[in-house]
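Since the structure comes first, as structure tokens, the remarks are kept for the end.
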Amino acid sequence: AEEKIRLSEALRKKVEALKAEARAEMLLEFPDYQKAMKIWKQVRKYVPQDGEAIEGVRKCEFAIENRIKFEKIRTYMARGAGFFEKAEYNQAKTEFDEVLKIDPKHREAKDYLEKINEIVEEKMLFAQRQKQAEEAYRSAKDNIAKNRFAEAQDDLESCLALVKNYRDAADLLKNLD
């Protein structure tokens, strides 16, 4: 049993070293995709279902078969990542969509698009909460003016539940007590 554990640790270290070498080769300005593919295939000999190795082989085969398309993808990905980092999500989405037109299975572009969709959805939800908080805030101000303090309290509590630090709602709520 101890022998198997030592063997599996050694194998894991070898696989990780191979992966690091393949990754490094693919990150070079002018990668040798033939070399990288051989390394990824070695990884797959040890771990046949390794997702990173499967994707690495696929990317290498794709690059070898179609270098021009691959260079376009690298350009789109770099621009898309740049836009993403600057929170320019519409421009980033356009770049990643271009990647998927060339390579519909490109995992990294799909991941970025998923993140963008989540961010955009969250922004939309926040804008909706902001609008509802504004409505509750205005209703509270109106209720205060009409001496309907219980309703104003409900409105202000709703407002703060929607947007934690909305305007001076917390101060208004304290003054109602």
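This is a predicted model, so every value here is computed, not measured.
Here the CG-CG distance, from D155 to L176, works out to 10.0 Å after rounding to the nearest 0.5 Å. One finds the CD atom of E98 at 12.0 Å from the OG1 atom of T75 (value rounded to the nearest 0.5 Å). Taken to the nearest 0.5 Å, the OH atom of Y137 stands 4.0 Å off from the NZ atom of K141. E61 CD to Y33 OH: the interatomic distance, rounded to the nearest 0.5 Å, is 13.5 Å. To the nearest 0.5 Å, atoms CG (L173) and CD (E157) are separated by 5.5 Å. Rounded to the nearest 0.5 angstrom, E21 CD and M26 CE are separated by 13.0 Å.
The pair E55-K105 does not meet the salt-bridge criterion, since no charged nitrogen lies less than 4.0 angstrom from a carboxylate oxygen. Between E9 and K13 there is no salt bridge, since no side-chain N of the basic residue sits under 4.0 Å from a carboxylate O of the acidic one. Between K101 and D97 there is no salt bridge, since no side-chain nitrogen of the basic residue lies less than 4.0 Å from a carboxylate oxygen of the acidic one. Taking the charged nitrogens against the carboxylate oxygens, R58 and D103 do have a contact shorter than 4.0 Å, which makes a salt bridge.
The 12-atom threshold is exceeded at CZ of R23, counting heavy atoms of other residues, nucleotides or ligands nearer than 6.0 Å. Counting heavy atoms of neighbouring residues, nucleotides and ligands inside a 6.0 Å radius, atom CG of L27 exceeds 12 of them. Heavy-atom contacts from other residues, nucleotides or ligands closer than 6.0 Å to CD of E122 number more than 12. Annotation for N175: atom CG counts as buried by contact number, over 12 foreign heavy atoms lying within 6.0 Å.
Using a 4.5 Å heavy-atom cutoff, the side chains of F62 and I102 are in contact. Looking at heavy atoms from C-beta onward, R167 lies out of side-chain contact with L172 at the 4.5 angstrom threshold. Residues K59 and M37 have side chains not in contact (no heavy-atom distance under 4.5 Å, counting atoms from C-beta outward). Residues N143 and D154 form no side-chain contact, since every pair of their non-hydrogen atoms from C-beta on lies 4.5 Å or further apart. Within the 4.5 Å cutoff, the side chain of E52 has heavy atoms near those of the W40 side chain. At least one side-chain heavy atom of Y112 sits less than 4.5 Å from a side-chain heavy atom of E108. Looking at heavy atoms from C-beta onward, I119 lies in side-chain contact with F84 at the 4.5 angstrom threshold.
Note: the hydrophobic cluster containing I54 does not contain F70 (ILVMFWY, side chain heavy atoms under 4.5 Å, direct or indirect links).
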Quiz item: Should I116 and F96 be marked as a side-chain contact (heavy atoms from CB on, under 4.5 Å) after you check the CA-CA gap, both sets of side-chain angles, and the distance that decides it?
Solution: CA-CA 10 Å; I116 290 169; F96 297 128; 3.9 Å; yes
Practice problem: Take L162 and Q128, measure what side-chain contact (heavy atoms from CB on, under 4.5 Å) needs, and give me the verdict at the end. | Solution: CA-CA 9 Å; L162 290 161; Q128 186 178 10; over 6 Å; no
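In this model, no donor atom of one side chain and acceptor atom of the other lie less than 3.5 Å apart for E95 and Q91.
Within the 3.5 Å criterion, the main-chain N or O of D171 finds no donor-acceptor partner in the side chain of D168. S139 places no side-chain N or O within 3.5 Å of a backbone atom of E135 that could act as its donor or acceptor partner. With hydrogens and angles disregarded, no donor-acceptor distance shorter than 3.5 Å links the side chain of D142 to the backbone of R138.
Evaluated for a salt bridge (Lys or Arg N to Asp or Glu O under 4.0 Å) with D50, the options K45, K41, K19 yield exactly one hit, K19.
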